[in-house]
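First the structure, in the form of structure tokens, and then the observations on it.
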2 protein chains.
Amino acid sequence: MLNTLSYGLLGLLASESCSGYDLMLRIQPFWQAKHSQIYPLLAKLEREGFVQYVRIEQRDKPDKKVYSLTEKGTEAVLEWLGEPPAEQSSRDELSLKTKCIWMTQRDISIPLFLTRLKQLETRTAYYEKLLQRIPEEERHVHSKHFGDYVLLHRAISLAGAQIEWCRWVVNMLEQEEELS
Amino acid sequence: MLNTLSYGLLGLLASESCSGYDLMLRIQPFWQAKHSQIYPLLAKLEREGFVQYVRIEQRDKPDKKVYSLTEKGTEAVLEWLGEPPAEQSSRDELSLKTKCIWMTQRDISIPLFLTRLKQLETRTAYYEKLLQRIPEEERHVHSKHFGDYVLLHRAISLAGAQIEWCRWVVNMLEQEEELS
DNA sequence: TGTCTCATGTAACTCGTTACATGATTAA
DNA sequence: TTAATCATGTAACGAGTTACATGAGACA
């Protein structure tokens, strides 16, 4: 049995062979993992026969190892897909801070939510741009980009809900201040 | 400088003194941490003077250590609140699986989202119940429960957005199957 | 001249989970 | 009688981050 990150990497390789560096960039939006975690894992997956690689020489850039799934790797992904998904877990420092905003004044509490608002707006703009890049003909169930398409939709709608929430909280904090 | 979990624990203690066990239950919805991580951390925070405790003997239950903030601890929380919040990070196995649903048939892909749907509906019901328990007079900015109030609102609206999304994806998967 | 990107890797450390350990009460 | 809750703690392991290390080309 492999860990979740391993399956995630194998899953990405199922749609397209790529380098460890590419895998790092592609998995980042869904699972935080630095290159220092990914490179040793790929080496281990290679030793165990889930992936294989070819070394590609490049002009003007360092050589890279392009990894691809083996048959054993493909089987592992399909098996993993059949298991029920784990509950999602999130870590949000703002939630912890929100728990004790009663201790603070408006000059401390309001910027917390305005900062988050900006982060969310920046990310939304980025997601919208990525979504526009997926052509109509790739937005169907059997396209390799269907996953990206629906995940971008989710990210945008969740960010929208959080933006609304931040504005609602900021409003409450501002109004309460006028009364006191 | 303390880590985020430490500040989270101190933040909770700011509104109410409680045992390590209580802290574990209260921080769980916002930050995953088991008792085996929290107890040693509390001991360290006590050695460093951020918290203090009294041992309370109980009938019918094991003794407990009730922790409270020291002045140094209160200062640390206020300082922490002044810093901008870190970006939230989430880990969701379903996202990774969604990335490769193109590999599967409806009998594999649809249950993934139906399982998530159930998880979300159960959690929403639980959040709604908790929200109803917060009386009107505690829902203002200066109440110690204001944080809980707004966080429950966020949790419910985010879960709602995700429920809608799951239904949308399931619909697409079902319809596409009829065509093929 | 300095920072960014591409591209790989290792070492040292902290963070977080699982398992081990105890033990009384309470509910199914 | 079996599991759950309350309540604390430690040990061993795996997961994850930060820092160290290299090096060429692009861009400001």
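All values below were derived from every heavy atom in this structure, side-chain atoms included, with hydrogens, water molecules and symmetry-related copies excluded. Residue numbers begin at 1 in each chain, while the letters A, B, ... track the order of the sequences.
- Heavy-atom distances under 4.0 Å link DNA chain D to no residue of residues 41-58 of chain A.
- Remark: B:Ser15 engages A:Trp102, B:Lys144 in a side-chain contact (heavy atoms from CB on, under 4.5 Å) (not counting sequence neighbours).
- Atom CG in B:Asp22 sits about 7 Å away from atom P in D:dA7, given to the nearest Å.
- Note: CD (A:Gln28) to P (C:dC6) measures 12 Å, nearest angstrom.
- Rounded to an integer number of Å, the gap from B:Asp63 CG to D:dG9 C1' is 14 Å.
- Here C:dG16 presents its P atom at 16 Å from CE of B:Met24, a figure rounded to the nearest Å.
- Every side-chain contact (heavy atoms from CB on, under 4.5 Å) that A:Gln58 has, sequence neighbours left out, goes to A:Ile56, A:Lys61, A:Lys64.
- Rounded to whole Å, the distance from CD1 on A:Ile38 to P on C:dC6 is 14 Å.
- Partners of B:Phe113 under the ring-ring contact (aromatic ring centres under 6.0 Å, His included) rule, at least two apart in sequence or in another chain, are B:Trp165.
- Not a single ring-ring contact (aromatic ring centres under 6.0 Å, His included) links A:Tyr21 to another residue, sequence neighbours left out.
- Evaluation of the side-chain contact (heavy atoms from CB on, under 4.5 Å) rule for B:Thr4 yields A:Glu93, A:Leu96, B:Trp31 as partners, not counting sequence neighbours.
- Side-chain proximity of A:Lys65 to D:dT10, D:dT8, C:dG9: nearest is C:dG9.
- A:Leu45 and A:Val66 are assigned to two separate hydrophobic clusters, defined by single-linkage of ILVMFWY side chains at heavy-atom distances under 4.5 Å.
- Between the axis at the start and the axis at the end of the helix from C:dT1-D:dA28 to C:dA28-D:dT1 there is an angle of 50°, using five pairs per end and rounding to 10 degrees.
- Residues meeting the side-chain contact (heavy atoms from CB on, under 4.5 Å) test with B:Cys166, sequence neighbours left out: B:Arg116, B:Leu117, B:Leu120.
- Within the 6.0 Å centre-distance limit, the rings of A:Tyr149 and A:His153 are counted as a close aromatic pair.
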At under 4.0 Å between heavy atoms, which parts of nucleotides 15-28 of chain D does protein reach? Answer with one letter per nucleotide, 5' to 3': B base, S sugar-phosphate only, - none. SSBBB---B-S---

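- What separates NZ of A:Lys64 from P of C:dA7 is a distance of 5 Å, to the nearest Å.
- Under the side-chain hydrogen bond (donor to acceptor under 3.5 Å, both in side chains) criterion, the residue pairs touching residues 122-135 of chain A are A:Arg123-A:Tyr127, with sequence neighbours excluded.
- The distance between atom CG of A:Leu23 and atom P of C:dC6, rounded to the nearest whole Å, is 14 Å.
- For residues 37-74 of chain A, the set of pairs meeting the ring-ring contact (aromatic ring centres under 6.0 Å, His included) definition, not counting sequence neighbours, comprises A:His35-A:Tyr39, A:Tyr53-A:Tyr67.
- Looking at residues two or more places apart in sequence or on another chain, you find no side-chain hydrogen bond (donor to acceptor under 3.5 Å, both in side chains) involving B:Gln28.
- Phosphate proximity of C:dG9 to A:Tyr39: absent, as no side-chain N or O sits under 4.0 Å from OP1 or OP2.
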